[in-house]
2 protein chains.
Amino acid sequence: MHSTQNINQIITHAETLCKSHGARLTTKRKLVLSSLIQSGKALSAYDLIDLCKENFNENIPAMSVYRILEFLENEKLVHKLKLANKYVACSHITCNHDHGVPQFLICGTCDHVKEISINKSTISQLKNDVEQAGFQLINSQLEMNCICNSCQDKSA
Amino acid sequence: MHSTQNINQIITHAETLCKSHGARLTTKRKLVLSSLIQSGKALSAYDLIDLCKENFNENIPAMSVYRILEFLENEKLVHKLKLANKYVACSHITCNHDHGVPQFLICGTCDHVKEISINKSTISQLKNDVEQAGFQLINSQLEMNCICNSCQDKSA
DNA sequence: TGTTAAAGTGTTATGTTATAACATAACACT
DNA sequence: AGTGTTATGTTATAACATAACACTTTAACA
């Protein structure tokens with residue numbers, strides 16, 4: 001997915017982003033973020049505990065992992081997938097521009113996640129339908145249960 | 001939401017539907033379904049345990065409620081909302097025609113759920129974007145976090 | 001009508017995800 | 001050093017969900 005080299009670069013970049021507005025990307029936060037990036041997929045908080053132990057021999061209690069994930073989410077470095085109760089690294093960490101609300105395709109077989117941008121027009125159509133029904137969208141992040149082509153090929 | 005009269009009619013109808021292909025809508029299943037319909041909103045399995053106790057003085061263990069909800073889902077009488085880990089009665093129980101995949105608007109404040117149909121064209125656009133990304137939609141059920149107008153008015 | 005296989009339910013244990021509440025450590029600034 | 005703030009540790013518990021196995025009811029039919 002990413003080489004160690006690449007990950008270090010991404011982490012450095014993330015650190016700069018945090019610093020730019022006074023947030024601190026501490027050691028533990030780095031470990032969690034690194035593990036998540038390295039895995040290249042959606043992981044639960046408890047998966048991350050195991051990975052940090054495996055990769056870095058660090059025991060991070062569940063409570064801390066949840067707090068760290070919340071921090072990283074606020075920093076827009078990770079996204080929480082409510083459909084799967086899992087977390088993924090933002091696929092645009094290294095870009096500097098602002099992003100719209102992301103849409104996620106979650107492979108139910110291998111947990112790989114693809115972050116895509118859907119046509120603004122499609123989204124605004126959706127929003128329209130929602131408002132017709134007397135609701136307001138809080139969050140236009142869509143999460144869709146999918147199967148990726150690679151898993152589909154394997155099972156065929 | 002529904003009068004007792006209406007609920008009884010709906011239950012009777014549901015029972016007929018089940019019978020038509022050899023499934024049984026047992027007493028406990030009726031109690032769970034009634035409670036869900038009566039509430040008019042999305043409830044967790046554990047909410048339903050409480051409601052069945054309250055409404056009918058019946059103690060239904062968690063395990064049974066989950067089994068019953070699974071049965072009702074297979075019968076297309078209820079839908080599972082993965083975003084909220086809750087369940088809602090299908091809003092079309094009494095129709096006899098087949099329905100497409102439903103889309104849900106979930107009010108994050110009061111848990112009311114609206115089941116809407118989104119333009120087929122919007123959905124097929126979505127599907128298209130997904131396939132472009134190398135994924136296949138397993139399930140085009142969308143669940144969207146919203147706030148309903150009534151809650152929004154209250155907070156204003 | 002009695003036997004039986006399947007379906008439904010009960011029961012207990014356990015797994016998984018998430019948060020509350022409170023204590024301590026580390027850091028940053030004076 | 002003193003103080004405020006942020007991060008982390010620790011323990012307990014809430015909330016959601018399933019596994020495994022036993023017992024009971026139902027309907028089906030010899």
Side-chain angles (χ1 to χ4, degrees), chain A residues 14-15 18-33 35-36 41-53 56-75 77-88 106 108 111 143 145, chain B residues 14-15 18-33 35-36 41-53 56-75 77-88 106 108 111 143 145:
Chain A
E15 199 167 12
C18 287
K19 269 189 187 152
S20 75
H21 59 280
R24 280 184 289 161
L25 195 63
T26 64
T27 307
K28 308 244 163 181
R29 287 169 177 171
K30 281 182 198 170
L31 297 183
V32 170
L33 182 56
S35 298
L36 196 52
K41 56 180 191 172
L43 298 176
S44 73
Y46 290 83
D47 292 337
L48 282 166
I49 292 171
D50 295 344
L51 257 189
C52 285
K53 177 65 184 168
F56 308 110
N57 201 36
E58 279 274 347
N59 292 301
I60 310 183
M63 189 68 248
S64 292
V65 171
Y66 278 106
R67 284 189 285 224
I68 287 169
L69 287 169
E70 194 188 5
F71 169 88
L72 295 173
E73 213 192 345
N74 287 333
E75 295 299 319
L77 296 170
V78 316
H79 299 289
K80 174 174 188 172
L81 302 177
K82 293 192 188 171
L83 256 192
N85 293 318
K86 289 187 174 163
Y87 301 80
V88 279
I106 306 169
D111 282 337
E143 302 175 29
N145 284 309
Chain B
E15 199 168 12
C18 287
K19 270 189 187 153
S20 75
H21 59 280
R24 281 185 289 159
L25 193 65
T26 64
T27 307
K28 308 248 163 181
R29 287 169 178 173
K30 281 182 198 170
L31 297 183
V32 170
L33 181 57
S35 298
L36 196 52
K41 57 181 192 175
L43 298 177
S44 75
Y46 288 82
D47 293 336
L48 282 166
I49 292 170
D50 295 344
L51 257 189
C52 286
K53 178 64 186 166
F56 308 110
N57 200 36
E58 281 273 346
N59 291 300
I60 309 184
M63 191 66 247
S64 292
V65 171
Y66 278 106
R67 283 189 286 224
I68 287 169
L69 287 169
E70 194 187 7
F71 169 87
L72 295 172
E73 213 192 346
N74 287 333
E75 295 299 319
L77 296 171
V78 315
H79 300 290
K80 176 173 188 170
L81 302 177
K82 294 191 188 170
L83 256 193
N85 293 320
K86 290 187 176 165
Y87 302 80
V88 280
I106 305 169
D111 281 335
E143 302 174 29
N145 284 310

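Counting any heavy atom pair closer than 4.0 Å across all strands shown, A/Arg29 reaches sugar-phosphate atoms only and no base atom.
Side-chain nitrogen and oxygen atoms of B/Ser64 include none within less than 4.0 Å of the OP1 or OP2 phosphate oxygen of C/dT9. For D/dG9, the OP1/OP2 oxygens have a side-chain nitrogen or oxygen of A/Lys28 closer than 4.0 Å. Taking side-chain N and O atoms only, A/Thr26 has no distance below 4.0 Å to OP1 or OP2 of D/dA7. The side chain of A/Asn85 places an N or O atom within less than 4.0 Å of a non-bridging phosphate oxygen (OP1 or OP2) of C/dA18.
Rounded to whole Å, the distance from CG on A/Leu83 to P on D/dC16 is 16 Å. Distance CG (A/Leu33) to P (D/dA7): 15 Å, rounded to an integer number of Å. What separates CG of A/Leu69 from P of C/dT17 is a distance of 13 Å, to the nearest Å. What separates CE of A/Met63 from P of D/dT10 is a distance of 14 Å, to the nearest Å. A straight line from CD1 of B/Ile49 to P of D/dA15 spans 12 Å, rounded to a whole angstrom. When rounded to the nearest whole Å, the span between CZ of A/Arg67 and C1' of C/dA23 equals 11 Å. Between A/Tyr66 atom OH and C/dT16 atom P there is a gap of 12 Å when expressed in whole angstrom units. The distance from atom CD of B/Glu70 to atom C1' of C/dG8 is 13 Å, rounded to the nearest whole Å.
The shortest heavy-atom contact between A/Ala23 and A/Glu75 is CB-OE2, 3.5 Å.
Salt bridge A/Glu58/A/Lys53: absent, no basic N to carboxylate O contact under 4.0 Å.
Here the side chain of A/Ser35 pairs a donor or acceptor atom with the backbone of A/Leu31 at under 3.5 angstrom. Formation of a donor-acceptor pair under 3.5 Å by the B/Glu143 side chain with backbone atoms of B/Leu83 is found in this model.
Taking CD1 of B/Ile68 as the reference point, atom NZ of B/Lys30 lies at 12.5 Å (rounded to 0.5 Å).
Checking C/dT19 for Watson-Crick or G-U wobble geometry (two distances, each under 3.5 Å) identifies D/dA12 as its partner. Across all strands shown, D/dT18 forms a Watson-Crick or G-U wobble pair, both distances under 3.5 Å, with C/dA13. Across all strands shown, the partner of C/dC29 is D/dG2, judged by Watson-Crick or G-U wobble contacts whose two distances both fall under 3.5 Å.
Heavy-atom nearest nucleotides on DNA chain D were determined for B/Lys86 and for A/Ile68, and the one closer to the 5' end corresponds to A/Ile68.
The side chain of A/Tyr87 approaches C/dA18 more closely than any other nucleotide in the set C/dA18, D/dT6, C/dT9.
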